[in-house]
2 protein chains.
Amino acid sequence: MVDDVVRELGYLTLGSRFRRIGERLQSEVQQVLDELGLPVQSSQLPALAAVDRLGPLTVGELAEAVGITQPGATRLMTQLSESGLVDVRQSSEDQRRRLISLTDKGRQLVETSKRDVWPRIDTAVAEICADLTGPLLEQLTAIEHHLEATPLHRRIARQPHDQPSA
Amino acid sequence: MVDDVVRELGYLTLGSRFRRIGERLQSEVQQVLDELGLPVQSSQLPALAAVDRLGPLTVGELAEAVGITQPGATRLMTQLSESGLVDVRQSSEDQRRRLISLTDKGRQLVETSKRDVWPRIDTAVAEICADLTGPLLEQLTAIEHHLEATPLHRRIARQPHDQPSA
DNA sequence: CACAAATACATAACTAGTTATATAATGAGT
DNA sequence: ACTCATTATATAACTAGTTATGTATTTGTG
């Protein structure tokens, strides 16, 4: 049995740890979507939900709603469009902008998912987090706010310059 | 201001949310390493620490120690070797296995990092998590254990088949 | 001793993002 | 009216992983 070095290093490797848990969760949600016959990638769920709730959206708004960069949002939009789930049109007010909305097919998929699938996934993931000693989702919100407020390198710049404790 | 749909969806999109926080943290640690002139990727830190602590390691052991798949560990090993930080030799006992150990250069980088850099990163990330209302690192350990114990699709399979609450 | 199964790793192809840069359109200032 | 700065998006190249598959070696069984 090999030690889990990422767990042991704690805060130093927190980024790697968050990523691996994120990938694991995305992969397991993907398996569930496949078993239930839903033709979407788990990474597309946030975008579908965003367009459903807030649509029509521009590419920039989609990026912001999902919390990814603009090229990432372009890529997601392209995938969903190729799957026939969203429609992309140029804005009549600003030709630079493109407006993303659900197609009939997309709307139907989202409606049936909201009724039959997403609550089951939500419940199963909530079950994993049920016995945690603290409100995980709020803590994640706090972490994201703190990162937004003061990036790491500024926190390090204001540390005292004596040697860290031995 | 666009709503943060990933935050609003909570458990359903927890995988995406973990990934984005993980990527954000890795990116910010990377910026710090660049500013301090350390010639490593933040994603390589866990592997360097693993080889330092447990070395020599096989590729499979490195994968396990860092919590990634075997091809991912091969890729990491190749990067570190190309940077001159680790040495890779074939095991004399089992020709299938390769043994990874720190080079002099790698050992030196790890020693100075342990003294001068890693504690500062650890402290800065700990500061971000200082006011959380729960023990984050323990919560992550619990989540990983629960995922290990019962994958999502089995949790969903055992849910009652009546409609989830409206 | 021979063969099949298992194991260890490398490689190809892919996912899910990122950063850097290019292009087109809009808006502000003179 | 023109020019330059800004904005919106697309594309290229990249990172940090994954899954699938292939090859080489070891182990177990008959």
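Every chain is numbered from 1 and lettered A, B, ... according to where its sequence line falls, protein lines coming before strand lines.
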- Task: Can you check each nucleotide of nucleotides 14-21 of chain D against protein heavy atoms at under 4.0 Å and return B for base, S for sugar-phosphate only, - for none, in 5' to 3' order?
- Result: --BBBBB-
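At C/dC9, none of the side-chain N or O atoms of B/Thr74 fall inside 4.0 Å of OP1 or OP2 (strictly under the cut-off). Contact check, B/Arg97 against C/dA8: a side-chain N or O comes under 4.0 Å of OP1 or OP2.
Between the C1' atom of D/dA8 and the CG atom of A/Leu62 lies a distance of 14 Å, rounded to the nearest Å. What separates CD of A/Gln95 from P of C/dG27 is a distance of 11 Å, to the nearest Å. Between A/Glu64 atom CD and D/dT9 atom C1' the separation is 15 Å, expressed in whole Å.
Looking at A/Arg96, its side chain comes within 3.5 Å of the base of C/dA25 through a donor and an acceptor atom.
A donor and an acceptor atom, one from each side chain of A/Gln41 and A/Gln26, are nowhere located under 3.5 Å apart. Between the side chains of A/Gln108 and A/Asp104, no donor N or O sits under 3.5 Å from an acceptor N or O.
Within residues 84-94 of chain B, no residue approaches DNA chain C, by heavy-atom distance under 4.0 Å.
The residue B/Thr78 sits apart from the nucleic acid: no heavy atom pair falls under 4.0 Å.
Nearest approach of A/Leu62 to A/Ala73, heavy atoms of both residues: CD2-O, 3.9 Å. The two residues B/Val59 and B/Gln70 make their nearest non-hydrogen contact at CG1-O, 4.0 Å. Residues A/Leu102 and A/Arg107 come closest through the heavy atom pair O-NH2, 3.1 Å.
End-to-end axis angle for the helix from C/dC1-D/dG30 to C/dT30-D/dA1, using five pairs per end and rounding to 10°, comes out at 10°.
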- Message: Show, in sequence, the C-alpha distance, side-chain angles and deciding distance for B/Leu25 and A/Leu147, and conclude whether the side chain to side chain contact (heavy atoms under 4.5 Å, CB included) test is met.
- Response: CA-CA 8 Å; B/Leu25 280 167; A/Leu147 283 169; 4.1 Å; yes
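Under the 3.5 Å distance criterion, the side-chain polar atoms of B/Thr78 are matched with a main-chain donor or acceptor of B/Thr74.
Summarising the geometry, atom OG belonging to A/Ser16 is positioned 9.5 Å from atom CG belonging to A/Leu9; distances are rounded to the nearest 0.5 Å.
Considering B/Arg7, B/Arg24, B/Arg17 as possible partners of A/Glu144, the one that fulfils the salt bridge (charged side-chain N to carboxylate O under 4.0 Å, His left out) test is B/Arg17.
The environment of B/Glu111 atom CD is dense: over 12 non-hydrogen atoms of other residues, nucleotides or ligands sit within 6.0 angstrom.
Proximity of B/Arg97 to B/Gln90: side-chain heavy atoms (C-beta onward) are nowhere separated by under 4.5 Å.
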